[in-house]
2 protein chains.
Amino acid sequence: MNARRKFRREGEERRRQDLIDATLDSVAEYGLQGATLRTIALRAGVTAGLIRHYFPGKEELLQEAYTALVGRMTEQAKAALVMEDASPRQRLAAFVTANLNAPIIDQRVFSLWATFLGRANADPTLARAHREGYLGFRNEVEAVVAEVLAAERRKPDAGKLRHHAIAINAIIDGLWIEGCLAAEMFSPGELAAIGVKAIEAELGLAPEKGGNQ
Amino acid sequence: MNARRKFRREGEERRRQDLIDATLDSVAEYGLQGATLRTIALRAGVTAGLIRHYFPGKEELLQEAYTALVGRMTEQAKAALVMEDASPRQRLAAFVTANLNAPIIDQRVFSLWATFLGRANADPTLARAHREGYLGFRNEVEAVVAEVLAAERRKPDAGKLRHHAIAINAIIDGLWIEGCLAAEMFSPGELAAIGVKAIEAELGLAPEKGGNQ
DNA sequence: AGGCTATTTATACACTTGCGCAACAAGGCC
DNA sequence: GGCCTTGTTGCGCAAGTGTATAAATAGCCT
């Protein structure tokens with residue numbers, strides 16, 4: 001009567017990715033408590049038992065999922081920096097703009113970010129994954145800032161440069177959060193405009209010539 | 001043999017507060033999944049059944065706990081604004097400094113903030129509690145900014161004012177997060193100094209004369 | 001002192017959870 | 001085609017969950 005369920009064998013890498021994606025989906029939708037092995041398996045189109053074939057336990061699956069998330073986030077964010085034939089200042093502005101619009105401004109990603117980060121002080125593995133992503137991001141910012149200031153013939157010392165990077169990182173993070181949590185409170189491009197202006201003020205750049213007052 | 005446990009009757013308000021505090025402690029330490037009724041009750045020094053005498057269910061307890069948390073956070077933050085006999089600019093600086101030092105820079109509070117916010121897009125009650133706290137905070141910022149600019153004989157329009165408030169709010173939030181997540185990466189007072197300078201740059205204020213730090 | 005009542009404990013229950021394990025079958029190999 | 005490996009299913013289990021409810025007792029009122 002009860003026929004056994006049909007299934008397909010997938011390549012290991014493909015299955016692992018599917019399981020990680022299903023995990024992130026589940027966490028975003030139901031939170032850490034609602035992301036049960038059965039929920040995750042259902043979303044991945046397999047049965048719960050299979051998860052233990054690829055991961056030692058639930059905790060490791062969650063850790064790998066968070067690591068994957070951080071990786072994708074920083075990768076996306078940094079992708080906006082690879083512009084050939086652009087002035088440092090233009091690259092910085094493009095970087096900020098990219099980080100303050102879709103798809104980086106995204107409620108689902110924010111939920112994931114917040115959910116996992118809430119456990120960072122209790123789970124060193126999560127804390128490390130975050131720390132690495134954060135420092136990578138900030139170093140990227142610092143490098144662009146150095147280029148921008150160099151193009152203006154300014155030579156800041158290391159401390160000043162670090163402070164600029166910290167402040168700019170904070171501006172981007174803060175606006176990113178505001179945008180993710182309440183996208184409908186801002187008109188399209190508004191956050192990016194605010195961010196670019198705030199960052200240029202932080203760096204003491206003269207306003208771009210054009211019709212702004 | 002098995003003597004029944006001794007207990008004391010507490011006033012209703014006191015018990016509710018104790019339960020809410022125990023809930024926040026449990027969430028901060030174990031996360032939403034680890035904050036079970038039994039854990040919470042243990043921490044509050046009662047047995048699990050009692051919780052249902054004061055709250056309809058676990059969900060309502062968590063919601064009230066988050067509302068209480070947001071209330072305390074914004075209250076603390078705004079307390080730094082009540083300074084008599086101080087220039088608007090000094091009050092703004094004091095406000096920023098207060099928000100970027102202990103006890104507002106605090107890993108435990110950050111964990112709570114992130115954990116609850118991760119569920120905000122799925123729980124309208126949490127979202128509302130956050131939204132109200134956020135808007136209250138931003139309006140406070142906007143009011144001080146207006147005073148600061150007025151003292152400088154500048155008369156910004158409403159849109160400019162709003163943008164300043166959004167940017168300043170982002171700077172404070174962003175630095176707050178960096179401080180909570182990696183306090184050991186910054187020397188004491190460093191974040192506050194970065195924040196004050198960034199905000200004064202955003203408002204286009206001339207650097208304070210004199211060697212203040 | 002003795003009773004009343006609402007706070008508090010204790011226990012039961014139905015359900016879900018992560019995990020272990022044996023059986024099964026998909027798909028490559030000969 | 002038939003076999004063998006192993007990816008995959010299905011089921012069971014003990015522990016833990018939120019909720020319901022009965023039994024006890026602390027502390028006020030008279």
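Every chain is numbered from 1 and lettered A, B, ... according to where its sequence line falls, protein lines coming before strand lines. Side chains included, hydrogens not; waters and symmetry mates left out as well; all remaining heavy atoms used. In this text the structure is predicted, and so the values were computed from the model without any measurement.
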* Output yes when at least one side-chain N/O atom of B:His53 is less than 4.0 Å from OP1 or OP2 of C:dT8, else no. => no
* Would you please confirm or rule out a distance under 4.0 Å between OP1 or OP2 of C:dT8 and any side-chain N or O of B:Tyr54? => yes
* **Proximal nucleotide (of C:dA25, C:dT9, C:dT17) relative to the A:Phe7 side chain** => C:dA25
* Side chain of B:Lys6 only, please: which of D:dT8, C:dG27, D:dA26 is the nearest? => D:dA26
* Asked: With nearest nucleotides of DNA chain D determined for A:Gly45 and B:Arg52 from heavy-atom distances, which residue corresponds to the more 5′ nucleotide?
  -> A:Gly45
* First of B:Gly34 and B:Arg9 reached from the 5' end of DNA chain D, by closest nucleotide -> B:Gly34
* Going by the angle between their ring planes, with limits at 30° and 60°, are A:Trp113 and B:Trp113 parallel, tilted or perpendicular? -> perpendicular
Could you check how far [atom1] of [X] sits from [atom2] of [N], rounded to whole Å?
| X | N | atom1 | atom2 | value |
| --- | --- | --- | --- | --- |
| A:Ile51 | D:dG7 | CD1 | C1' | 14 Å |
| A:Phe55 | D:dG7 | CZ | C1' | 14 Å |
| A:Leu50 | C:dA23 | CG | P | 19 Å |
| A:Leu32 | C:dG18 | CG | C1' | 15 Å |
| B:Arg38 | C:dT17 | CZ | C1' | 14 Å |
| A:Leu37 | D:dC13 | CG | C1' | 15 Å |
| A:Leu19 | C:dG18 | CG | C1' | 15 Å |
| B:Arg5 | D:dA23 | CZ | C1' | 16 Å |

* Does the side chain of B:Thr39 pick up a donor-acceptor pair with the side chain of B:Thr36 at under 3.5 Å? -> yes
* Classify the side-chain pair B:Glu142/B:His164 by whether it contains a donor and acceptor separated by less than 3.5 Å. => no
* **Touch class at under 4.0 angstrom, heavy-atom based, for B:Thr36 against every strand present** => sugar-phosphate
* Asked: Just checking B:Glu12: base, sugar-phosphate only, or nothing, at a heavy-atom cut-off of under 4.0 Å?
  -> nothing
* Asked: Are A:Glu29 and A:Arg43 close enough, and set up right, to give a salt bridge (charged side-chain N to carboxylate O under 4.0 Å, His left out), and what steps lead you there?
  -> CA-CA 11 Å; A:Glu29 190 154 352; A:Arg43 194 169 290 245; 2.8 Å; yes
* So, does the side chain of A:Arg4 form a donor-acceptor pair with the base of D:dG10 at under 3.5 Å? -> no
* Quick one: does B:Arg8 reach the base of D:dG27 with a side-chain donor-acceptor pair under 3.5 Å? -> no
* First encountered from the 5' end of DNA chain C, between A:Gln33 and A:Gly49 -> A:Gln33
* Asked: Are B:Arg119 and A:Tyr30 in a cation-pi contact, defined as NZ or CZ under 6.0 Å from the six-membered ring centre and within 45° of the axis?
  -> no
